[in-house]
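Note sheet for the following structure.
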Protein chains: 2
Amino acid sequence: MVRLKDIAARAGLTVMTVSRALRGTSEVSAATRERIRALAAEMGYVPDISARGLRTRNTGLLGVVIPTVIDPIHARMLLALEEQARAGDFDLLLAHTLQQPEIEEACIRRLLGRRIEGLFLLPVYRLAPEAPIYRELRQRGTKVVLVGHPAPFCQDFPSVAVEDLLASAAVTRHLLALGHRRIAFLAGSPTSPAARERLEGYRRALREAGMVADDRLVFNAGTEIEDGAHAALRMIDEGVRPTAIQAVNDLVAIGAANVLLSQGLRIPADISIAGFGNILTSEYFRVPLTTVRQPKYRLGLAAMELMQALLRGEKGESRRLPAELAIRESTAPPPALPPVGGGEAGSAAHS
Amino acid sequence: MVRLKDIAARAGLTVMTVSRALRGTSEVSAATRERIRALAAEMGYVPDISARGLRTRNTGLLGVVIPTVIDPIHARMLLALEEQARAGDFDLLLAHTLQQPEIEEACIRRLLGRRIEGLFLLPVYRLAPEAPIYRELRQRGTKVVLVGHPAPFCQDFPSVAVEDLLASAAVTRHLLALGHRRIAFLAGSPTSPAARERLEGYRRALREAGMVADDRLVFNAGTEIEDGAHAALRMIDEGVRPTAIQAVNDLVAIGAANVLLSQGLRIPADISIAGFGNILTSEYFRVPLTTVRQPKYRLGLAAMELMQALLRGEKGESRRLPAELAIRESTAPPPALPPVGGGEAGSAAHS
DNA sequence: TTGTAAGCGTTATCAG
DNA sequence: CTGATAACGCTTACAA
């Protein structure tokens, strides 16, 4: 490894002069500056950022803690983040939590040892109102940008999140506008604020339309394709026959759609399906879905902007990004006017 | 930030004693060790890894340079890598190249400044036999594990890659065994060794079956869904009517499949489709595809093993990982025995 | 078992 | 414009 010292020796100058010449800072005669620069290039000098950081107290490191990079939404967000980081002359340390609190804690602790200047945190959501590592981050005054919805245990960090509630309500309103009156909802995990917001958006839209949100139309699914399939089967078992289904995400929607198609139902002729878009653009799935396009890349940009503000010592304001409804041929008016009222679960209508 | 010095002051001891106590190294009285430990915990001490590294000359950092983390294959590989890295007490610096040589060079240079101990490199493939930054890596003796196929400009680095040629040949043999004699190939970018291997595997299998690989059945596609669609349209335009299609990857296959389905063809009744699996398990696409399952996670593991060997100062042996053919209902015997011989492009039969 | 001195590669600071 | 000195937080090497 070539060090400043080595260049200084070759140049017959002090380390300091070389350092200054290379940084272009301070006044150094143009002549020597060029000479040093050439020499450094020739010798393949690469400054040691850690050593510099030791002295200047800035490491130029940002941490990203993410459930898993396999999630396409998160991956796109990460891409944006990394591009922005490089532009701002930061390097990115990546760590996965696999949605496990212990791993999350270990990750964060390691990153703290790296003296990261800021942390992008996609939290592992828990119901508990407190989490020790989050408390520690607060005490340390670590600059944290939460990428996701705030929850009790992480409330006081500035955050960037999608307007899930509004977007979900828009989906429901879209279905209502088409004439659907019996809309089932395949819900996600109750520990996930995003999933909860989506359920709440559905309920709010129903209420605003003067209807009663019937819980017999809400099925606990999860986040995976299988979860959607199981939920759809349960729905059929229970004799519930909605004219439309709204799912907490694309995967769940696809799982449900596959089940329905295998039952001989046609989409959207017999039943409409809508939900949030998590994978690809879902246009490439041959299951017709009307989806909410999530602003993945913009989420990354917004997160970085917030971080920049924090790094400048500002307060940093949380932001909610709108999501856009991508209406496709997957949703259509209900096949026939559903019976109004009706007592049994299957025909339980909002009204 | 709490430093060793601070703990030492509070404990009435030297920095050295504290350092030793915390590391558990050397002989320190069990009593003081516990006392120091407790004190450190209470004060929230986190050792500064960079400072330590400055002294010990190991940074505990590994770099990953990747086209984009959006690619599901790469994302899974990255996940494995990160998990392994953490297990080995390394942190991971992530950088994207976006497939652009200049960005790649900039990334690598930055990582060198971080004094990474090793670099996982998913190269930006170019046809040129030399690339300056690769030469520099060689000269520096940086420990590099190539994740991908070797190419002239990066030949001398140890690598981990999938047995694309063999896997591709297996696909073709599978189609041949079903009785297909007119198999089209939708090829990828010629700069990508993996794509080239896949084309070569197809050709080899045909030759081994005593057939002539007819280039009129090979269409340049690319890597995206749209590329597959365009290639399929071109194929149809040129009047080529294969009984089976083999694609360089899943996306291309899906693009082609969508076009064929929209033309009223049924899969696999009228035409069979097979290729490499890049997205999800493609089981969830309602386009029937027989695919090659790529050992994404094992690729990550193997890369890390290779890196460990390099770090131990060993030579490090390149490895090729086999890929498994996932046969599904997407491939079936050809609808009718194709005409043997035949002069025009459309019916151009092998042998 | 504990302490002292020195140094890792860089830059802040003050002096010339 | 350039140099000398000290320091960032930690650990190695040697001394007590």
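Keep in mind that the numbers below use all heavy atoms, side chains included, and drop hydrogens, waters and symmetry copies. Because the structure is a prediction, the values reported are computed rather than measured. Lettering follows sequence order; numbering is per chain, from 1.
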Let me test you: for the helix from C:dT1-D:dA16 to C:dG16-D:dC1, what is the angle between the axes at its two ends (five pairs each), rounded to 10 degrees?
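For the helix from C:dT1-D:dA16 to C:dG16-D:dC1, the axes at opposite ends meet at about 40°.
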
For A:Phe90, all residues meeting ring pair (Phe, Tyr, Trp, His ring centres under 6.0 Å), sequence neighbours excluded:
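Partners of A:Phe90 under the ring pair (Phe, Tyr, Trp, His ring centres under 6.0 Å) test: none.
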
Generate the contact string for nucleotides 7-14 of chain C. Rules: B means base contact, S means sugar-phosphate contact only, - means no protein heavy atom under 4.0 Å.
BBBBBBB-

Where the side chain of A:Thr32 is concerned, which of D:dT2, C:dT2, C:dG3 is the nearest nucleotide?
D:dT2

Can you list the residues that meet the side chain to side chain donor-acceptor pair (under 3.5 Å) rule with A:Ser318, with sequence neighbours excluded?
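Here no residue qualifies.
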
Sequence neighbours left out, what passes side chain to side chain donor-acceptor pair (under 3.5 Å) with B:Arg52? Give chain and number order.
none

Can you tell me how far C1' of D:dG3 sits from CD1 of A:Ile36, to the nearest Å?
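After rounding, the reported distance stands at 13 Å.
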
Could you pull out all residues at least two apart from [X] that satisfy salt bridge (charged side-chain N to carboxylate O under 4.0 Å, His left out)?
| X | answer |
| --- | --- |
| B:Arg109 | B:Glu105, B:Glu136 |
| B:Arg23 | none |
| B:Arg138 | B:Glu130, B:Asp156 |

Listed once per pair and sorted, the side-chain hydrogen bond (donor to acceptor under 3.5 Å, both in side chains) pairs that draw on residues 94-104 of chain B, sequence neighbours left out
A:Glu82-B:His96, B:Glu104-B:Arg126, B:Glu104-B:Tyr134

Would you please say whether a donor-acceptor pair under 3.5 Å links the side chains of A:Thr17 and A:Thr14?
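A pair is found: one side chain offers a donor N or O, the other an acceptor, under 3.5 Å apart.
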
Under 4.0 Å from OP1 or OP2 of D:dG3: is there any side-chain N or O of A:Thr14 that close?
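Yes, A:Thr14 has a side-chain N/O under 4.0 Å of OP1/OP2 on D:dG3.
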
